[in-house]
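Since the model is a prediction, treat every value here as computed from it, not as a measurement.
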Amino acid sequence: MTRHLKRRLLERAAEIVGDREELGFLLDIDRHALELFLCGRATLPQRVFLAAMELVLQDDVARAAQDRRRSPREPQPLRVAV
């Protein structure tokens, strides 16, 4: 998995919980380690990746439950960074 994807996942998780400090607390990692993961200078442990993924997915499911549209969203083209 690319560092870019992992960085985006961590950034999104931080947005969801409020800030990087709170994300570090929830993921049980210190701020310095989180910054190293975000800048790609350290390898993101799988347990941290999975916990961040869970935060993002829970938020996505909660938002979908609140979506009151009558029909599903139109599919958007998949944008993949290379």
Side-chain angles (χ1 to χ4, degrees):
M1 196 163 309
T2 69
R3 286 184 182 173
H4 178 71
L5 174 65
K6 290 178 181 179
R7 186 180 76 239
R8 286 182 56 203
L9 175 72
L10 288 175
E11 288 170 352
R12 180 67 186 120
E15 288 174 6
I16 291 167
V17 300
D19 59 28
R20 290 179 176 185
E21 187 173 331
E22 183 65 17
L23 179 62
F25 175 76
L26 291 172
L27 298 178
D28 194 27
I29 55 176
D30 64 36
R31 179 156 175 105
H32 179 71
L34 180 58
E35 294 301 327
L36 290 174
F37 299 144
L38 282 163
C39 72
R41 297 178 74 182
T43 303
L44 186 65
Q46 185 174 7
R47 74 162 186 86
V48 175
F49 171 77
L50 293 175
M53 179 69 74
E54 182 67 24
L55 285 169
V56 172
L57 288 174
Q58 284 179 0
D59 183 69
D60 189 46
V61 168
R63 287 173 184 265
Q66 294 176 4
D67 192 348
R68 301 191 189 280
R69 299 172 199 216
R70 292 180 187 234
S71 59
R73 295 179 183 176
E74 292 294 320
Q76 299 294 315
L78 181 62
R79 292 183 301 164
V80 178
V82 252

Validation row: D59, R63 side chains within 4.5 angstrom (heavy atoms): yes
Steps toward side-chain contact (heavy atoms from CB on, under 4.5 Å) verdict (D60, R12): CA-CA 11 Å; D60 189 46; R12 180 67 186 120; over 6 Å; no
So do the side chains of V48 and L34 get within less than 4.5 Å of each other, counting heavy atoms only? no
Please determine if R8 and E11 form a salt bridge, counting it only when a charged side-chain N lies under 4.0 Å from a carboxylate O. no
How far does CE of M53 sit from CG of L57, to the nearest 0.5 angstrom? 6.0 Å
Taking it one step at a time, do L9 and L44 satisfy side-chain contact (heavy atoms from CB on, under 4.5 Å)? CA-CA 11 Å; L9 175 72; L44 186 65; 5.5 Å; no
Might you point out which heavy atoms bring V17 and L23 nearest each other, and give the distance in Å? CG2-N, 3.7 Å
Please test F37 against K6 for side-chain contact (heavy atoms from CB on, under 4.5 Å), starting from the C-alpha separation and ending with a verdict. CA-CA 8 Å; F37 299 144; K6 290 178 181 179; over 6 Å; no
Around E21, counting heavy atoms of other residues, nucleotides and ligands shown, do more than 12 lie under 6.0 Å from its CD? no
Spell out, yes or no, whether L36 and L10 are grouped together once hydrophobic residues are joined by side-chain heavy atoms under 4.5 Å, including indirect joins. no
So how far is it from I29 CD1 to R20 CZ, rounded to the nearest 0.5 Å? 11.0 Å
Please confirm whether the backbone N or O of A42 pairs with a side-chain atom of R3, one donor and one acceptor, at under 3.5 Å? no
Distance col, row Q58:CD vs I16:CD1, nearest 0.5 angstrom, shows 9.5 Å
